[in-house]
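Data first, discussion second: the structure below is written as structure tokens.
Keep in mind that this is a model prediction, so the values were computed, not measured. All heavy atoms count here, side chains included; hydrogens, waters and symmetry mates do not.
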Amino acid sequence: WEGVTVLERAGGVLINGCSNLIAFCSADPEKQMEVAAFQHMLTRLSSLLMCQTMSDMSEVEMSKFNVLSLEGIDPECMEYLRTKEMRRKIILQWIQRLVVDHSRRGT
């Protein structure tokens, strides 16, 4: 049960972080398309991160978990991810890079 509790907490932290990032996006109508693209990608990467975490903890193959969507994620990046051991750290780095890039753009 301890593992389930840890996983639930991790999911809660991830959801809280995503909702905070979404809440503080620009309300500028001119940036609406960029903001939507950021929010969608953030949600997809967060889903991927949570599924990878569950896969790592349960030793169940990643493909058995439902990721929201991989739309917009470069297939070469996904292939790179499949070949690496530290997948969670790579996905987290992608999320951090996405946040920094969009923060600099003011979205």
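V35 and I95 fall into different hydrophobic clusters, where Ile, Leu, Val, Met, Phe, Trp and Tyr side chains are chained together by heavy-atom contacts under 4.5 Å. Both L70 and M54 belong to a common hydrophobic cluster when Ile, Leu, Val, Met, Phe, Trp and Tyr are linked at side-chain heavy-atom distances under 4.5 angstrom. Under the 4.5 Å side-chain heavy-atom criterion for grouping Ile, Leu, Val, Met, Phe, Trp and Tyr, V67 is not connected to I15 through any hydrophobic cluster.
A distance of 12.5 Å separates CZ of R82 from CD1 of I90, quoted to the nearest 0.5 Å. Between the CD1 atom of I22 and the NE2 atom of H40 there is a distance of 8.5 Å, given to the nearest 0.5 Å. Of the inter-residue distances, the one linking F24 atom CZ with S103 atom OG reads 12.5 Å to the nearest 0.5 angstrom. Taking CD1 from I91 and CD1 from I73, the interatomic distance works out to 8.5 Å, rounded to the nearest 0.5 Å. Taken from CZ in F65 to OG in S55, the straight-line distance is 5.5 Å, to the nearest 0.5 Å.
The shortest heavy-atom contact between E71 and M41 is O-CE, 4.2 Å. Scanning both residues, S46 and L14, for their nearest heavy atoms gives O-CD2, 3.3 Å. The two residues L98 and L42 make their nearest non-hydrogen contact at CD2-N, 3.6 Å. Listed here is the closest heavy atom pair of N66 and S47: O-OG, 4.2 Å.
More than 12 heavy atoms of other residues, nucleotides or ligands lie within 6.0 Å of CD in Q96, so this atom counts as buried by the packing criterion. Environment of CZ in R105: crowded, with over 12 heavy atoms of neighbouring residues, nucleotides or ligands closer than 6.0 Å.
Side-chain atoms of T107 come within 3.5 Å of backbone atoms of H102 as a donor-acceptor pair (strictly under, hydrogens ignored). A donor-acceptor pair is defined here as one N or O able to donate and one able to accept, closer than 3.5 Å; no such pair exists between the side chain of N16 and the backbone of G12. With hydrogens and angles disregarded, a donor-acceptor distance shorter than 3.5 Å links the side chain of T43 to the backbone of Q39. Formation of a donor-acceptor pair under 3.5 Å by the R88 side chain with backbone atoms of L49 is not found in this model.
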Pair W94, L81 - check side chain to side chain contact (heavy atoms under 4.5 Å, CB included), show working. CA-CA 11 Å; W94 291 350; L81 186 64; 4.0 Å; yes
I would like to know whether Y80 and D74 meet side chain to side chain contact (heavy atoms under 4.5 Å, CB included); could you show each step before the answer? CA-CA 10 Å; Y80 172 81; D74 187 338; over 6 Å; no
Could you walk me through whether L48 and M78 satisfy the side chain to side chain contact (heavy atoms under 4.5 Å, CB included) test, starting with their C-alpha distance in whole Å, then the side-chain angles of each, then the deciding distance to 0.1 Å, before giving a yes or no? CA-CA 11 Å; L48 184 62; M78 290 305 299; 4.1 Å; yes
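For the pair E34 and K31, the salt-bridge criterion is not met [side-chain N within less than 4.0 Å of a carboxylate O].
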